[in-house]
J.: 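Mind looking over this structure? Questions follow.
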There are 2 protein chains.
Amino acid sequence: MGRWQPDSRGRLQESALALFAERGFDQITAAEIAERVGVTERTFFRHFADKREVLFGGSDYLKELILEGVVAAPASDGPLDAVVRGLQVAAVLLGEGRRDLARQRQAVIRANPELHERELSKLADYASSVAGALRQRGATDVQADFAAEIGMTVFRLAMAQWVESNEDTDLPSVMQRSLADLRALTVDT
Amino acid sequence: MGRWQPDSRGRLQESALALFAERGFDQITAAEIAERVGVTERTFFRHFADKREVLFGGSDYLKELILEGVVAAPASDGPLDAVVRGLQVAAVLLGEGRRDLARQRQAVIRANPELHERELSKLADYASSVAGALRQRGATDVQADFAAEIGMTVFRLAMAQWVESNEDTDLPSVMQRSLADLRALTVDT
DNA sequence: TAAGGTGATGTCTGTTGCTGACATCGTAGT
DNA sequence: ACTACGATGTCAGCAACAGACATCACCTTA
């Protein structure tokens, strides 16, 4: 056995979510989370740039997934459709995770403006990367920006709907429906 | 003459923008801004809930404007069109302000992730309020959410374009064009 | 005109978020 | 066995806030 227990990072994430859910984000100090896991505050901040980041651990990986999906989209797809391919890839992964954990996470984030801010920021970052990928596929700047942003909106609203729906609804199809709703809106008189 | 110089709030805002532009957001302390204006750090934080807020002083007023525009939209307008009416109202106001100040502000915000986060958060808040107003007009939940979010996207991208364009481009028409671009995208195959 | 209320500010003090610099010590590679 | 390395601990310190209370020009009202 090593000098320390393994996977402090992962344990910090779990511990943080539990504590936040129980007592609220700003009632919990980084030191408290760290202590419960058996490390020091300093170690917490080595793993996470700031206290909020502990709730967004997998977001880099998710971003990669989305980008791969966009790149892999058939050339015949328009920009918006390509984005949706990427999001579908992400949706499949997220749809597999435990629904109650996702719900708990969403609840914590919605309850705190700072966390909500951070989430929006992550999405904006996805959008920016996705827009880059779309330009590589030949989209114009304006097309790329809009398609990416709209994609993130669809993603976000679909996630919100899914998390609150009952067990036998799957995320990919919720997203599909959201996209249809959106299209109906813009065509509206 | 009063015991203190008038309008500390406004003077703090000006001073902050200048300092941020000159040396960068995180190189400037709240105490420094306050000192330059002749008040204490404590007073700074009485006017602004946190350091970033000093750059978003007028946002409540802007939100009111947008909402009024939405409410005043003719009943025949679809949800998305109603949102755009509100945004046009805001655009007229913003288009009147000094272009160079807006540019400077944008530059400061774009240079700092925390500030960018805050800006997104403000927009999300607008979206949420606008969605509420749309529901009052009879839109469904889904329609309202999407229309509001898309509106903010149009707003944001149009602002970005406008700020970087040359003198004789006016914000309202840039927005109009952005909306057209968006509609073209969603109809795309 | 005297008395008291009000609002914006100053002062003081404390907590929390976060960081730099340096020490420690199992473990893997040579 | 030696060494380089990587994850962590330790310590010290700044900056972002927040609560509690004091101050004092100005306004109101009797």
Side-chain angles (χ1 to χ4, degrees), chain A residues 1-20 22-57 60 108-109 111-119 121-122, chain B residues 1-20 22-57 60 108-109 111-119 121-122:
Chain A
M1 194 174 90
R3 186 176 171 193
W4 299 280
Q5 296 192 337
D7 193 25
S8 355
R9 184 185 171 89
R11 277 155 51 227
L12 283 168
Q13 294 183 36
E14 290 172 26
S15 178
L17 177 57
L19 286 170
F20 292 163
E22 184 188 343
R23 273 187 276 161
F25 180 74
D26 37 8
Q27 295 310 307
I28 301 295
T29 73
E32 203 169 349
I33 301 167
E35 190 189 7
R36 221 172 90 141
V37 163
V39 298
T40 59
E41 186 195 31
R42 192 67 185 85
T43 291
F44 179 98
F45 284 111
R46 260 193 282 259
H47 281 293
F48 306 102
D50 60 62
K51 194 176 138 193
R52 309 176 219 172
E53 274 296 303
V54 71
L55 279 179
F56 299 90
D60 279 357
V108 169
I109 291 175
N112 192 285
E114 299 178 55
L115 291 172
H116 194 226
E117 259 188 31
R118 176 57 53 85
E119 187 176 53
S121 172
K122 291 289 180 188
Chain B
M1 193 177 89
R3 187 176 170 195
W4 299 281
Q5 295 191 338
D7 192 25
S8 358
R9 183 186 171 87
R11 277 156 50 231
L12 283 169
Q13 293 182 32
E14 289 171 26
S15 178
L17 178 57
L19 286 171
F20 292 162
E22 185 188 342
R23 273 187 277 160
F25 180 74
D26 36 9
Q27 295 309 307
I28 303 294
T29 73
E32 201 169 351
I33 302 167
E35 190 189 7
R36 224 172 87 142
V37 164
V39 298
T40 59
E41 185 195 33
R42 191 69 186 84
T43 291
F44 179 97
F45 285 111
R46 260 193 282 258
H47 281 292
F48 307 102
D50 60 63
K51 195 176 136 192
R52 308 177 219 172
E53 275 296 303
V54 73
L55 279 179
F56 299 89
D60 279 357
V108 169
I109 290 175
N112 192 286
E114 301 178 54
L115 292 172
H116 194 228
E117 259 187 30
R118 177 56 53 85
E119 188 176 51
S121 173
K122 291 289 181 191

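So that the names make sense, note that chain A is the first sequence line, chain B the second, and so on, each numbered from 1.
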J.: Name every donor-acceptor pair, under 3.5 Å, that has one atom in a side chain of residues 35-42 of chain A and the other anywhere in the protein, sequence neighbours excluded.
T.:
| residue | atom | partner | partner atom | Å |
| --- | --- | --- | --- | --- |
| Arg36(A) | NE | Ser15(A) | OG | 3.3 |

J.: Under the side-chain hydrogen bond (donor to acceptor under 3.5 Å, both in side chains) test, which residues partner Gln13(A), sequence neighbours left out?
T.: none
J.: Taking atom P of dG7(C) as reference, at what distance in whole Å does atom CZ of Arg9(B) sit?
T.: 17 Å
J.: So, taking the atom named CG in Leu19(B) and the one named CG in Leu12(B), what distance separates them when rounded to the nearest 0.5 Å?
T.: 10.5 Å
J.: Specify the separation, in whole Å, of atom CD of Glu32(B) and atom C1' of dA16(D).
T.: 14 Å
J.: Between C1' on dG26(C) and CD on Gln5(A), what's the gap in Å once rounded to a whole number?
T.: 15 Å
J.: What is the distance from atom CZ of Arg118(A) to atom NZ of Lys51(A), rounded to the nearest 0.5 Å?
T.: 12.0 Å
J.: Which pairs with one or both residues in residues 4-17 of chain A pass salt bridge (Lys or Arg N to Asp or Glu O under 4.0 Å), sequence neighbours excluded?
T.: none
J.: Do you know the tightest heavy-atom contact between Glu114(A) and Phe25(A)?
T.: OE1-CE2, 4.2 Å
J.: Kindly say if Thr43(A) contacts the phosphate of dG9(D), meaning a side-chain N or O under 4.0 Å from OP1 or OP2.
T.: yes
J.: When the distance from CD of Glu35(B) to C1' of dA16(D) is rounded to whole Å, what number comes out?
T.: 17 Å
J.: For Ala111(A) versus Pro113(A), what's the shortest heavy-atom pair and its separation?
T.: O-CD, 3.9 Å
J.: All N/O contacts under 3.5 Å from nucleotides 2-6 of chain C to the protein, with atom names and distances to one decimal?
T.:
none

J.: With heavy-atom distances below 4.5 Å as the criterion, would you say the side chains of Glu117(B) and Arg52(B) are in contact?
T.: yes
J.: How long is the straight-line distance from CZ of Phe20(B) back to CG of Leu55(B), given to the nearest 0.5 Å?
T.: 5.5 Å
J.: Is the shortest heavy-atom distance from the side chain of Phe44(B) to the side chain of Thr29(B) under 4.5 Å?
T.: no
J.: Quick one: Phe48(A) CZ to dT8(D) P, roughly how many Å, whole number?
T.: 11 Å
J.: Give, for atom CG of Leu115(A) and atom CG of Asp26(A), the distance between the pair rounded to the nearest 0.5 Å.
T.: 8.5 Å
J.: Do nucleotides 13-18 of chain C as a string where each nucleotide becomes B, S or -: B if the base has a protein heavy atom under 4.0 Å, S if just the sugar-phosphate does, - if no protein is that close.
T.: ----SB
J.: To the nearest Å, how far apart are Glu114(A) CD and dA16(D) P?
T.: 15 Å
J.: Is the phosphate of dT9(C), meaning OP1 or OP2, less than 4.0 Å from a side-chain N or O of Thr40(B)?
T.: no
J.: Measuring to OP1 and OP2 of dT8(D), would you say a side-chain N or O of His47(A) lies under 4.0 angstrom away?
T.: yes
J.: If I take atom CD1 in residue Ile33(B) and atom C1' in nucleotide dA15(D), what distance separates them, rounded to the nearest angstrom?
T.: 12 Å
J.: Enumerate all atom pairs, one protein N or O and one N or O from nucleotides 20-24 of chain D, separated by less than 3.5 Å.
T.:
| residue | atom | partner | partner atom | Å |
| --- | --- | --- | --- | --- |
| dT23(D) | O2 | Arg3(B) | NH1 | 3.3 |
| dC24(D) | O4' | Arg3(B) | NE | 3.4 |
| dC24(D) | O4' | Arg3(B) | NH1 | 2.6 |
| dC24(D) | O4' | Arg3(B) | NH2 | 2.8 |
| dC24(D) | O2 | Arg3(B) | NH1 | 2.7 |

